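Scroll down for the structure; my scribbles are underneath it.
We're numbering straight along the sequence, starting at 1. None of the values given here were measured: they were computed from a predicted structure.
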Amino acid sequence: MKNLTTTLLVIGGGPAGYVCGIRAAQLGVPTILVEGAKLGGTCLNIGCIPSKALIHAAEEFEKARHFANNSPLGIKVQSPSIDIAQTVKWKDGIVQRLTGGVGALLKKNGAQVIEGWATILDGKTVEVKTASEVYRIACQHLVIATGSVPTELPFMPFGGAVISSTEALSPKELPKRLVVVGAGYIGLELGMAYRKLGCEVAVVEATERVLPAYDEELTRPVLAAVKKQGIVLHLSCSVQGMAETGQRLRVRTAQADEFALPADLVLVAVGRRPRIEGFGLENLRLDMAGRAIKVDDQCRASMQGVWAIGDVSGEPMLAHRGMAQGEMVAEIVSGKKRRFAPASIPAVCFTDPEVVVSGMSPVQAQDGGIDVITGMFPFTANGRAMTLESTDGFVRVVARKDNHLIVGWQAVGRSVSELAAAFSQSLEMGATLEDIGATIHAHPTLGEAVQEACLRALGHALHV
Ligand code: FAD
Ligand code: NAD
């Protein structure tokens, strides 16, 4: 057993933990980060990055197939095919480059990384078993950044034909028929990707709409695209388990009728849960918020010197939220005064078309007692969208009626994820409709719809 002492000990090397480790080390705080699997966590290894790589590959393949079918652009392609093993290899290369970079950044800044699974003994002591050594580490500050795990359906555990996003991101071969359970982020992002890769895809969703976390107007173009792409949707349905004969999933409708869906593979994407088991967390008896560790606006848990960041601290389970929390905790530990009070945590769904939200929707503003005006600009009136063959969708701005302060943005359309930066900057900087409406936006860009949405809210849009 080796004894170590440090000021800051981070458990988990995902985006929340590794950013905390890098920033603390930058600020001269003696830091140890413990990671049991791979640096980069869910995000870099089995989440954000590999999913976006697969989505991109699927889009490129779909484009090639579209060209082979008499493209209106006059492009001719001979019948394309895809080598999925090569696609996965390419995706793994990106993951390796990024995770290697995280290790290099931690090292460059002076944080020590220990590869092994941590067990919490008490609020100041953690034991780590590595391949060759057992460490007992004493710390002043303990940061829990253990992330989350996919939710399993108890009657249909992961294994065999029933897979989580992790397996879906590294297919050995493409299934003929994929059934996706859950029309949320993962279900629709990966369901669409598999459809574009040529699989037959059906989606079973418990609620009555796709992406139920977003407002209906925003998801309407996504619903239309799901249908256009040939994905079969079963809304207001619940799954009952695999049929005994195999390769069929039993589904029940809201009217209690049952039917069986042919399925070579079933991707269960019904949410993720904070990872709170198997590492001695119960020894701390922390206050919890449901299954998440309860934290205050500085990410302090209910025990002195213990912090929780990222997915383990609850919703929204997004990488950029975890990173922002990690950076903040490192700065507080180094002596700076910080508080987690962002004007917005943007969220993007990388479906086709993409969805992006930042700040409040009109309904959320009304629920909060704020009297608002809105402005919506459709991509049918945007030149750049036409040249991209993508006129579905719109940008919508939400602003206070009394002083025109912008309180929210929503957009749906091709490549609108990149508008997240402009949306969040305007909210953090307290921009008004007049500020954005008077800003010259480059032509021809999708961003012109951002300016025009504000002008429309003010009653004098120019191009609609
Ligand atoms: P994690 O990334 O889960 O990292 C936790 C780390 O802690 C893991 O590496 C784990 O091995 C380690 N660990 C746990 N327990 C121990 C222990 N006892 N000892 C040592 N190490 C331990 N978010 C976005 O913002 N945008 C996206 O596009 C996006 N796409 C996604 C796509 C998919 C398919 C999935 C599954 C998720 C996606 N997410 C996305 C969510 C995002 O991945 C998570 O919000 C993010 O990874 C959370 O970061 P974290 O650091 O809290 O936890
Ligand atoms: P989700 O919460 O986005 O969607 C789950 C969906 O499953 C919901 O629509 C829900 O109504 C449905 N559902 C729940 N139980 C069901 C059941 N028994 N049968 C049928 N449908 C059921 O969860 P997810 O897609 O698994 O993603 C998990 C989390 O990962 C997200 O909430 C998000 O935090 C993160 N993520 C983010 C991104 C991104 O930022 N682009 C991408 C992927 C994942």
Side-chain angles (χ1 to χ4, degrees), residues 6-27 29 31-51 95 98-99 101-103 105-106 109 111-115 117-118 120 126 139 141-150 185 272-279 281 284 286 288-301 305-334 336 338-342 344-348:
T6 186
T7 303
L8 180 68
L9 175 60
V10 184
I11 303 180
Y18 85 68
V19 166
C20 186
I22 290 173
R23 185 67 186 129
Q26 276 178 354
L27 290 162
V29 178
T31 300
I32 294 178
L33 183 146
V34 184
E35 171 53 59
K38 289 183 181 157
L39 283 176
T42 303
C43 171
L44 296 194
N45 293 288
I46 50 169
C48 322
I49 296 298
S51 62
V95 169
L98 286 169
T99 53
V102 167
L105 286 169
L106 284 160
N109 287 290
Q112 183 183 353
V113 175
I114 295 181
E115 291 172 19
W117 290 99
I120 295 172
V126 165
C139 62
H141 297 274
L142 175 61
V143 177
I144 302 167
T146 50
S148 61
V149 291
Y185 278 99
R272 293 181 64 84
R273 301 194 302 174
R275 190 201 296 245
I276 53 169
E277 275 147 14
F279 61 98
L281 183 67
L284 302 185
L286 298 177
M288 304 297 286
R291 285 187 58 89
I293 298 177
K294 189 173 176 187
V295 291
D296 67 9
D297 63 358
Q298 291 187 310
C299 289
R300 292 178 196 270
V306 178
W307 313 71
I309 55 176
D311 286 5
V312 77
S313 68
E315 297 283 349
M317 294 195 197
L318 298 172
H320 41 281
R321 167 180 172 264
M323 291 191 216
Q325 291 177 320
E327 189 203 25
M328 178 196 69
V329 168
E331 296 202 345
I332 296 172
V333 167
S334 82
K336 292 183 190 294
R338 289 286 310 272
R339 201 163 68 84
F340 194 70
S344 108
I345 300 172
V348 172

Approximate separation, where rounding is to 0.5 Å, of [X] [atom1] and [Y] [atom2]:
{"X": "I22", "Y": "L27", "atom1": "CD1", "atom2": "CG", "value": "12.0 Å"}
{"X": "M328", "Y": "M323", "atom1": "CE", "atom2": "CE", "value": "15.5 Å"}
{"X": "I114", "Y": "L9", "atom1": "CD1", "atom2": "CG", "value": "8.0 Å"}
{"X": "I276", "Y": "L286", "atom1": "CD1", "atom2": "CG", "value": "10.5 Å"}
{"X": "I293", "Y": "C299", "atom1": "CD1", "atom2": "SG", "value": "10.5 Å"}
{"X": "L106", "Y": "L33", "atom1": "CG", "atom2": "CG", "value": "6.0 Å"}

Going by side-chain contact (heavy atoms from CB on, under 4.5 Å), name the residues that satisfy it together with [X], two or more places apart in sequence or in a different chain.
{"X": "E327", "result": "V19, R23, E331, R338"}
{"X": "T99", "result": "L44, N45, V95"}
{"X": "C43", "result": "P15, C48, A319"}
{"X": "S148", "result": "R272, D311, M317"}

Item to check | Any V333 side-chain heavy atom under 4.5 Å of V329 side chain | outcome: yes
Checklist entry - Quick one: does I11's side chain get under 4.5 Å of I120's, heavy atoms only? => result yes
If you compare all heavy atoms of [X] against all heavy atoms of [Y], which two are closest, and at what distance to 0.1 Å?
{"X": "A16", "Y": "A145", "result": "CB-CB, 4.4 Å"}
{"X": "G310", "Y": "R321", "result": "O-NH1, 3.3 Å"}
{"X": "V10", "Y": "C20", "result": "CG2-SG, 4.2 Å"}
{"X": "Y185", "Y": "A347", "result": "OH-CB, 3.4 Å"}
{"X": "S313", "Y": "A308", "result": "CB-O, 3.8 Å"}
{"X": "I309", "Y": "G17", "result": "CD1-N, 4.1 Å"}

Checklist entry - Just by distance, do the side chain of H141 and the backbone of W307 share a donor-acceptor pair under 3.5 Å? => result no
Checklist entry - Hey, is the main chain of I144 close enough, under 3.5 Å, to the side chain of T146 for a donor-acceptor pair? => result no
Item to check | Stepwise side-chain contact (heavy atoms from CB on, under 4.5 Å) test for I332 and R300 | outcome: CA-CA 10 Å; I332 296 172; R300 292 178 196 270; 3.8 Å; yes
Checklist outcome for this item: Residue set satisfying salt bridge (Lys or Arg N to Asp or Glu O under 4.0 Å) with E315, at least two apart, ordered chain then number -> none
Checklist entry - Taking only residues two or more places apart in sequence, or in another chain, which ones meet E115 in a side chain to side chain donor-acceptor pair (under 3.5 Å)? => result none
